[in-house]
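Per chain, numbering begins at 1; letters A, B, ... match sequence-line order.
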Amino acid sequence: MDDAAGDAAAARDNPYLADSLFARNARPTTHTPTTSVLDNDKGNGHNALTGKPLSDGYFAILETRRKLPVHEARAELLSHLAAHQVLVLVGETGSGKTTQVPQFLVDAGYNAVACTQPRRVAALSVAKRVAVEMDVPLGGPVGYSIRFDDRSTPETVLKYLTDGMLLREAMSDPDLRHYAAIILDEAHERTLSTDVLMGLLKDVLRRRPDLKLIVMSATLDAGKFQDYFAGAPLMQVPGRVFPVGIKYTPRPVDNYVDAAVEQVVRIVAAEPPGDVLVFLTGEEEIEEACKRIRDDVRALPPPACTYAVDVLPLYSSLPPAKQQRVFERAPPPRTPGGVPGRKVICSTNVAETSLTIDGVVYVVDTGFSKQKVYNPRARVESLLVSPISRASAKQRAGRAGRTRPGTCYRLYTESAFASELKEATYPEILRSNLGNVVLQLKKLGVVDLVHFDFMDPPAPETLMRALELLNYLGALSDDGELTKLGEHMAELPLPPELSAALLASVDLGVSGALLTISAMLSATANIFLRPKADRVRADSARRAFEHPDGDHLTLLRTFTAYTSVGVDGGDVNKWCWENYLNSRALQSASSVRSQLARLVARLRPGTRAGADDAALPAVELDDRVRRALLSGFFMQVAHREGGKAVGYLTVKDHQKVALHPGCGLSRSPDWVMYNEFVLTKRNFIRTVTEVRGAWLVEIAPHYYDLSNFPEGTAKEDLKVLYKRKERKDARDAAEQRERREKRAHKDKGKGKKKHGSSSRS
DNA sequence: GAGCACTGC
């Protein structure tokens, strides 16, 4: 089928296209958009933004731009925007909305436009493309802004940026006065940042009648956005995709991995040429499926067993070079003129939104993915294999129709699709720990969080948990007001516990070490590699970095060793490889560390932040680092429970946990703090470091308050620790009194000084 | 004696 047929199919599915691009709530308007080079072939032949003559390439690209479906909607879009503050635009894949709509606005005279993207690569690559389309240098009139990379200048009129970045900007510019128009793209993905931005913008729009907002989404769920921004007109533009036939299984399958492998083998054996994309849930499952598909294809009866098939895994932790393989051409036929080869790609959800693979004609959809869930009662986020939503199923199917008509095999029944799958995936804000979100909102000046206008309000318990956490950390006062500490914490791109620990480390003179540990904990990928074939050597390589007191200190040692290799002029990548370390992860830790160091230096001027711990003796350093960490993680502490089999109970919650097998502690101390609670078949705590009981009652007496502490051995130990502390405090006070008296005696002899020691009663 | 879906600041 050709392009036109695909468009026709898309048009049939489009309820608005038949009569008008105008949708519900569309109002007549007298506004006439200004004419522009988009209407006239040459305009005055000069670029309005740079004053330079337009290149020939510009006009060539202009021709293709005019053919994009969204171009038809331009005049209506602009007139809507002249009459309304908010517009909801639905445009499916291939409509051109992401590249064209921002240009329509610039062209119509909006001189400061922001367009958000959920992902960095998207912001960057779209900005590059649009700079070419507009015939301007990147970083000039068109720029982008993403973490670690800001390519925008005062002359930038159109900026693509991540949603998280716009949220950051809002912290210093709460009314977003910098912008005349804001476009929230991919709003249907409902990322945490986009959801917070929508709530925020609702208020900003009231304060700034001149500001325009376009919410762009890919699904017909757009009615929800329209309701949220009451009265906003809704427009829809068709996509440019090919039809995809849907096939369901007649009966539910027992095991979706088995079923997926069988389906792929059937396609390879009997269907016309074309690549296959299989959606599975995780790395382990994918590697297993790949192996079985290879084996089963080889076991097919001739001639199918001779077909050229490349079976490739795809998930984000895969090294980039291996990821790249999915974009290479399918293998050639085994014999000249024989059956064309094909790629079979077994992928996680990366292939649903983040990566687009052209040439896929068959999609095998297992109907599952790993999703984050948050349990506020247990205060634990975990990943669960869960059924996908209908929106997600449609997105997956669409991946089969990017270059020609395709087929999607859904490994579930049609009635399951209709009645068991949810319409849309729960937005992230309903599935997350909101500690950071609450901190950000407070920083943005939102006083009443319970009544903040979230599109989907989180459970009150989740908000309570977040408020409680921030109060314990000292970021919020008992009245719920942001403290000075809280303001500083909000500036740091870290979980609140880690921000608190990092800021505490400045006062303890060990911020250099805490910057490193924070950066290492921010690296999502595992630092220590452990290839299956090479486990023994990988483990012994790791042991060289291990610190007996715990994993946090091991991370510190590892990073320190890593940076010294570079300083000594060694080959860092080679060194990482030899030591079974993930050089990509270490590199990203290094960028995070630099960013954090800049921020801390700005927040705490006059301190030697980042360079304060070099001269400390090792034992003193280790103690102070652990005390700094504990200032943020005193709520993530477990106590050893005696008996034969050593186990741990988390404080207060009394959850039974075990040290994660990857943990490097050489003994089983009474008290440990942990970075992460992992919920799988058993409860594990991961990244664990020994702490002294005495530190708990010293650093966090407000949390280790025995009047509301559950009974148990931890409480008994704490009682002893408090008694000891009392005695020590009494001793210290007596000593101090003695010293004071001696000094007073001396001073009397010498005569009085101007600034005597202030006596407190 | 286990395991990292995917983003983002």
Practice task
Using a heavy-atom cut-off of under 4.0 Å over every strand shown, decide if A:Arg535 touches base, sugar-phosphate, or nothing.
Solution key: base

Exercise for the section: Identify whether any heavy atom of A:Leu492 sits under 4.0 Å from a base atom; if not, whether one sits that close to sugar-phosphate; answer base, sugar-phosphate or nothing. Expected result: nothing

Problem - Given DNA chain B, 5'-ward residue of the pair A:Val350 and A:Asp539, judged by closest heavy atom - result: A:Asp539

Exercise for the section: Using salt bridge (charged side-chain N to carboxylate O under 4.0 Å, His left out) as the criterion, list what pairs up with A:Glu285, not counting sequence neighbours. Expected result: none

Handout entry: Within residues 432-442 of chain A or reaching into it, pairs that qualify as side chain to side chain donor-acceptor pair (under 3.5 Å) - sequence neighbours excluded
Key = A:Lys372-A:Ser432

Handout entry: Residue list, ring-ring contact (aromatic ring centres under 6.0 Å, His included) with A:Tyr412, at least two apart or on another chain
Key = none

Exercise for the section: At the 4.0 Å heavy-atom cut-off to chain A, mark where contacts on DNA chain B begin and end, going 5' to 3'. Expected result: B:dG1 to B:dC9

Exercise for the section: With heavy atoms under 4.0 Å as the rule, sort A:Thr348 into base, sugar-phosphate or nothing. Expected result: sugar-phosphate

Practice task
Give a yes or no on whether a salt bridge exists between A:Arg542 and A:Asp551, defined as a side-chain N under 4.0 angstrom from a carboxylate O.
Solution key: yes

Handout entry: salt bridge (charged side-chain N to carboxylate O under 4.0 Å, His left out) involving A:Arg396 - partner list, sequence neighbours excluded
Key = A:Glu352, A:Asp365

Practice task
Using a 4.0 Å heavy-atom cut-off across all strands, classify A:Ser316 as base, sugar-phosphate, or nothing.
Solution key: sugar-phosphate

Practice task
Would you mind classifying the nucleic acid contact of A:Arg119 as base, sugar-phosphate or nothing, using non-hydrogen atoms under 4.0 angstrom?
Solution key: sugar-phosphate

Practice task
Pick base, sugar-phosphate or nothing for A:Thr162, based on heavy-atom distances below 4.0 Å to the nucleic acid.
Solution key: sugar-phosphate

Completion exercise
Contacts of A:Tyr256 meeting ring-ring contact (aromatic ring centres under 6.0 Å, His included) (sequence neighbours excluded), chain-then-number -> A:Phe368

